[in-house]
Amino acid sequence: MDESKLQVNINALREFIQNNGWSIVDEKEIQSGYQLVITDDLTRVPVALFSSGKTLIQGKPGELQTKLKTWWNARKTSSTQPTVPTTTQSILIETLSSTLTTNFTGKPRIGLDESGKGDYFGPLVIGAVFVDEQAEDRLIALGVRDSKLLTDNRMLVMAEEIKSLCPHFVVPIEPKRYNELYDKVQNLNRLLAWGHAWTLENMLEKVPCDLAIVDKFGDESYIRKVLQEKGCQITVVQQTRAEEDTAVAAASILARARFVRQMEQLSKKVGKTLPKGSSDPLIVTVGRELVAEHGKDILNETAKLHFKTTEAILQS
């Protein structure tokens with residue numbers, strides 16, 4: 001098994017965790033592999049995936065460990081069967097950049113959008129939704145539009161409706177993992193490109209598609225380079241005001257809904273309501289209270305450290 005196959009197994013495990021409503025409380029690279037620590041809020045189970053194809057599922061015996069072992073045994077069995085090459089195994093990608101909003105209504109496509117990019121506290125969440133003509137009509141009838149135009153309550157309800165109608169994939173990058181990635185790339189647009197490409201790669205494993213629409217967040221060469229490295233064959237249109245597209249609007253709703261829920265969980269974990277955004281003066285106040293109670297390392301667990309807000313919080 002090579003490194004690309006290891007990554008496929010990691011991606012599959014992340015999706016299994018997400019589908020079961022569990023959380024990843026820690027993850028790190030290990031010798032010849034990668035380890036994730038998974039919790040169902042009752043127990044913690046470390047899972048180590050290795051480039052050799054072996055997997056070590058540890059922790060106390062229980063329901064969580066049993067489900068993980070059952071999933072892995074089923075995956076091992078299916079992986080021994082012949083596979084049909086998919087679009088993710090191809091080697092061609094085209095990216096287009098447009099400053100004008102192009103109408104893709106009626107065309108099967110994947111829309112991608114993120115949430116949490118401008119929020120100091122909480123994760124960065126990237127959502128992807130596949131929309132065809134039939135699903136698009138139903139989404140429009142539901143009133144799907146950019147999540148920024150919806151109340152949180154309406155958005156949360158609509159997110160469940162979208163998930164019942166469309167293939168989708170949502171990736172929350174928790175603060176600790178976000179900070180590790182940012183330390184490596186030192187550039188938000190490159191981190192966004194990696195996140196969008198990784199989400200798109202997983203989406204293409206669910207449904208074949210030759211068109212994706214992404215809100216333009218920087219130099220299109222960023223996402224093109226990452227997708228080329230992953231071997232994806234798809235036309236990616238990076239477009240300003242892409243959230244006007246139904247597929248992108250649906251993705252923005254799923255991403256924001258997941259962000260809101262993750263913020264609620266994080267607030268519960270630290271015992272304080274974490275403010276959204278980055279300009280509210282309350283953010284610095286709450287940040288200083290967290291540091292006073294837990295030490296400065298708490299910020300790595302709850303916030304995006306490269307924001308200037310971190311300096312303001314740590315000033316004596």
Counterpart residues, ring-ring contact (aromatic ring centres under 6.0 Å, His included), relative to Y178 (two or more places apart):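 Once residues adjacent in sequence are excluded, the partners of Y178 under the ring-ring contact (aromatic ring centres under 6.0 Å, His included) criterion are H306.
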
Pairing residues for F121 by the ring-ring contact (aromatic ring centres under 6.0 Å, His included) criterion, not counting sequence neighbours: none

Pairs flagged by side chain to side chain donor-acceptor pair (under 3.5 Å) wherever residues 120-134 is involved - sequence neighbours left out: Y120-T310

If you take all heavy atoms of [X] and [Y], which pair is closest and at what distance?
X: P123; Y: K304; answer: O-NZ, 3.4 Å
X: R288; Y: Q315; answer: NH2-O, 4.0 Å
X: A212; Y: I234; answer: CB-CD1, 3.9 Å
X: L150; Y: M158; answer: CD1-SD, 4.0 Å
X: G127; Y: A251; answer: O-CB, 3.4 Å
X: S115; Y: F259; answer: OG-CB, 3.7 Å

Enter the distance from [X]:[atom1] to [Y]:[atom2] here, rounded to the nearest 0.5 Å.
X: L68; Y: T55; atom1: CG; atom2: OG1; answer: 10.5 Å
X: S51; Y: Q31; atom1: OG; atom2: CD; answer: 10.5 Å
X: C166; Y: L139; atom1: SG; atom2: CG; answer: 4.5 Å
X: S278; Y: K117; atom1: OG; atom2: NZ; answer: 11.5 Å
X: D152; Y: R261; atom1: CG; atom2: CZ; answer: 10.0 Å
X: E114; Y: D215; atom1: CD; atom2: CG; answer: 6.5 Å

Check against side-chain contact (heavy atoms from CB on, under 4.5 Å), F130 and R109: CA-CA 6 Å; F130 173 79; R109 63 200 184 277; over 6 Å; no

Do [X] and [Y] belong together in a cluster built from hydrophobic side chains that touch within less than 4.5 Å?
X: L165; Y: V170; result: yes
X: L282; Y: V284; result: yes
X: V25; Y: V171; result: no
X: I140; Y: V157; result: no
X: V291; Y: F307; result: yes

Taking the side chain as C-beta and beyond, is there a heavy-atom pair between [X] and [Y] under 4.5 Å?
X: L49; Y: L6; answer: yes
X: L254; Y: V129; answer: yes
X: Y182; Y: N187; answer: no
X: Y34; Y: E27; answer: yes
X: I213; Y: F104; answer: yes
X: D26; Y: K176; answer: yes
X: P61; Y: T66; answer: no
X: T105; Y: T246; answer: no

Verdict with reasoning, W72 to L56, per side-chain contact (heavy atoms from CB on, under 4.5 Å): CA-CA 10 Å; W72 176 247; L56 180 61; over 6 Å; no

I30/F50 under side-chain contact (heavy atoms from CB on, under 4.5 Å): CA gap, chis, key distance, verdict: CA-CA 9 Å; I30 57 177; F50 297 96; 3.8 Å; yes

When you measure from the side chain of [X] to the backbone of [Y], do you find a donor-acceptor pair of N or O atoms at a distance under 3.5 Å?
X: E205; Y: N202; result: no
X: Q65; Y: Q58; result: yes
X: E136; Y: V131; result: no
X: N179; Y: L305; result: yes
X: N20; Y: W22; result: no
X: H196; Y: L192; result: yes

Neighbour count >12 (heavy atoms, 6.0 Å) for atom NZ, K28: no

Distance-only side-chain donor-acceptor flag, W198 / N11, under 3.5 Å: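 Side chains of W198 and N11: pair found under 3.5 Å.
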
Residues E174 and Q262: side-chain donor-acceptor under 3.5 angstrom: yes

Partner set under salt bridge (charged side-chain N to carboxylate O under 4.0 Å, His left out) for E180, not counting sequence neighbours: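 Applying salt bridge (charged side-chain N to carboxylate O under 4.0 Å, His left out) to E180 gives R177.
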
Please table the atom pairs, donor to acceptor, closer than 3.5 Å between any side-chain atom in residues 263-276 and protein atoms at least two apart or in another chain.
| unit_1 | atom_1 | unit_2 | atom_2 | d |
| --- | --- | --- | --- | --- |
| S267 | OG | M263 | O | 2.9 |
| S267 | OG | K272 | O | 3.4 |
| S267 | OG | L274 | N | 3.0 |
| K272 | NZ | E289 | OE1 | 3.2 |
| K272 | NZ | E293 | OE2 | 3.2 |

side-chain contact (heavy atoms from CB on, under 4.5 Å) between L299 and D297, intermediate numbers included: CA-CA 5 Å; L299 296 179; D297 288 347; over 6 Å; no

Salt-bridge present (E160, K163; N to O < 4.0 Å): yes

R256 and D119 ion-paired at < 4.0 Å: yes

Under 3.5 Å, which donor-acceptor pairs link side chains of residues 36-46 to any protein atom two or more places apart or in another chain?
| unit_1 | atom_1 | unit_2 | atom_2 | d |
| --- | --- | --- | --- | --- |
| T39 | OG1 | D41 | N | 3.0 |
| T39 | OG1 | T43 | O | 2.9 |
| D40 | OD1 | L42 | N | 2.9 |
| D40 | OD1 | T43 | N | 2.9 |

